[in-house]
Colleague: 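Below is one structure. I have some questions about it.
Throughout, numbering of the chain's residues begins at 1 and tracks the sequence.
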Amino acid sequence: MRTADTEPGRVSLAAAHDAVAGRPVRAGSPGSSGLMSPVAAPRPRGELSAQARAERGTRARVARLILELGPSTASLIGGRLGLTPAAIRRHLDNLLAEGLIETRSARTYASRGRGRPARLFAITDAGRSAFEHAYDDLASSALRFLATEAGPAAVEKFARHQVSELERRYGAVLAGVAPGERVRALADALSADGYAASASAAPAPTPAPAPAPAGAAAGATAMAGEAAAALAGGEQLCQHHCPVAHVAEEFPQLCEAETEAFSRLLGRPVQRLATIAHGDGICTTHVTGHSLADRQGTSAQAGAECRGGQPC
């Protein structure tokens, strides 16, 4: 049961957008001052306004954290923000009611035993738009005009031109960074530009272990398996926010140009696994591990020498 001291009332979508964006609630917005329970004693107007401002500020922090982390559980969000279970449920319920977030079921790759699957909260297009400042309609119209007048190749050229400035700035940032730290440094640079990016080790596959050769030590076999997993894992670069997601949905050349730039900046092959523009919650880029990238480079060089008639 909701009580007077825990339920501030629901806000309108316009007011919720203002709250998420950190703007003052518009005058006359329904719910802008909260709904008072009929069993609650009247409160001074100034006190109620202060409570409403605090509620809006906390709700904005909840939405921002979901945007940055991607689909997350209520316990994770509440733990990060230091909120009680009752408080985080209240804010999540309000954001759900206004369509700024949605619920999903966690994907499980192993048996969780009895009980319901984990419930995840993810940002919606409406919630994401509260953080966006790009003129999507104008940009889409301009690119459609460019494609009609000059052809698809002109759109690709424009996309590479747009990315070239970012690549120049990020290149200067990464110039003095050790190869093993470049993915994280790139994530930091992207975050500074509003992409809410993060870097982590990519999940390595766990194939069934091959039978150990006769006489092989168990420890040596385990070490070989760990090395193989590290070789295949690589790293992941995740972007939880994309200012041009709606434009890139129609013109994927923007994503392709950005992916190519990441590969040049990191000096390693990369592969896009998911994009916000295609409906995924996060733009995820897999970055090939150093050892595997070196091996691929060596194999390519050897192949070129063989084709040139030199000894292999």
Colleague: Working to the nearest 0.5 Å, report the span between CD of Glu68 and OH of Tyr195.
Modeller: 15.5 Å

Colleague: Quick one: CZ on Arg169 to OG on Ser164, what's the gap to the nearest 0.5 Å?
Modeller: 11.0 Å

Colleague: Is the side chain of Thr285 donor-acceptor paired with the backbone N or O of Gln271 at a distance under 3.5 Å, no angle test?
Modeller: no

Colleague: How long is the gap from CG on Asp188 to CD on Glu181, to the nearest 0.5 Å?
Modeller: 10.0 Å

Colleague: When you compare the side chain of Leu92 with that of Ile66, does any pair of heavy atoms fall below 4.5 Å?
Modeller: yes

Colleague: Side chain of Ser263, backbone of Arg268: donor and acceptor closer than 3.5 Å?
Modeller: yes

Colleague: Donor-acceptor check, side chain of Thr284 to backbone of Leu273, threshold 3.5 angstrom: yes or no?
Modeller: no

Colleague: Of the non-hydrogen atoms in Arg184 and Ala199, which two are nearest, and what is the gap between them?
Modeller: NH2-O, 3.5 Å

Colleague: Main chain of Gly70, side chain of Ser72: is a donor-acceptor contact present, judged purely on distance under 3.5 Å?
Modeller: yes

Colleague: What is the minimum heavy-atom distance between Ile101 and Leu96, and which atoms define it?
Modeller: O-CD2, 3.5 Å

Colleague: For Ala126 and Gly99, work out which heavy atoms get closest and say how close.
Modeller: CB-O, 3.7 Å

Colleague: To check you understand the geometry: which heavy-atom pair defines the closest contact between Gln236 and Val183, and what is its length?
Modeller: O-CG1, 4.4 Å

Colleague: To the nearest 0.5 Å, what is the distance between CG (Leu67) and CG (Leu100)?
Modeller: 11.5 Å

Colleague: In terms of hydrophobic clustering (I, L, V, M, F, W, Y; side-chain heavy atoms under 4.5 Å; direct or indirect links), are Leu166 and Val173 co-clustered?
Modeller: no

Colleague: Are Phe251 and Ile276 connected in a single hydrophobic cluster, I mean Ile/Leu/Val/Met/Phe/Trp/Tyr linked by side-chain heavy atoms less than 4.5 Å apart?
Modeller: no

Colleague: Would you name the heavy atoms of Leu143 and Val155 that are closest together and state the gap between them?
Modeller: O-CG2, 4.0 Å

Colleague: Is Leu174 linked to Val163 within one hydrophobic cluster, defined over Ile, Leu, Val, Met, Phe, Trp and Tyr using a side-chain heavy-atom separation of less than 4.5 Å?
Modeller: no

Colleague: Pick out which of Glu256, His286, Glu258 makes a side chain to side chain donor-acceptor pair (under 3.5 Å) with Arg272.
Modeller: Glu258

Colleague: Minimum heavy-atom separation for Arg128 and Gly281, please, with both atom names.
Modeller: NH2-O, 3.9 Å

Colleague: I need the Arg264 CZ to Thr259 OG1 distance, nearest 0.5 Å.
Modeller: 10.5 Å

Colleague: Hydrophobic cluster membership, with links at side-chain heavy-atom distances under 4.5 Å among I/L/V/M/F/W/Y: are Leu254 and Ile282 in one?
Modeller: no

Colleague: Is there a side-chain contact between Phe121 and Thr103, using heavy atoms and a 4.5 Å cut-off?
Modeller: yes

Colleague: First locate atom CD of Glu55, then atom NE2 of His91, and finally report the distance between them rounded to the nearest 0.5 Å.
Modeller: 4.5 Å

Colleague: Do Ser140 and His246 come within less than 4.5 Å of each other through their side chains, counting heavy atoms only?
Modeller: no

Colleague: Does Val62 belong to the same Ile/Leu/Val/Met/Phe/Trp/Tyr cluster as Leu69, with side-chain heavy atoms less than 4.5 Å apart forming each link?
Modeller: yes

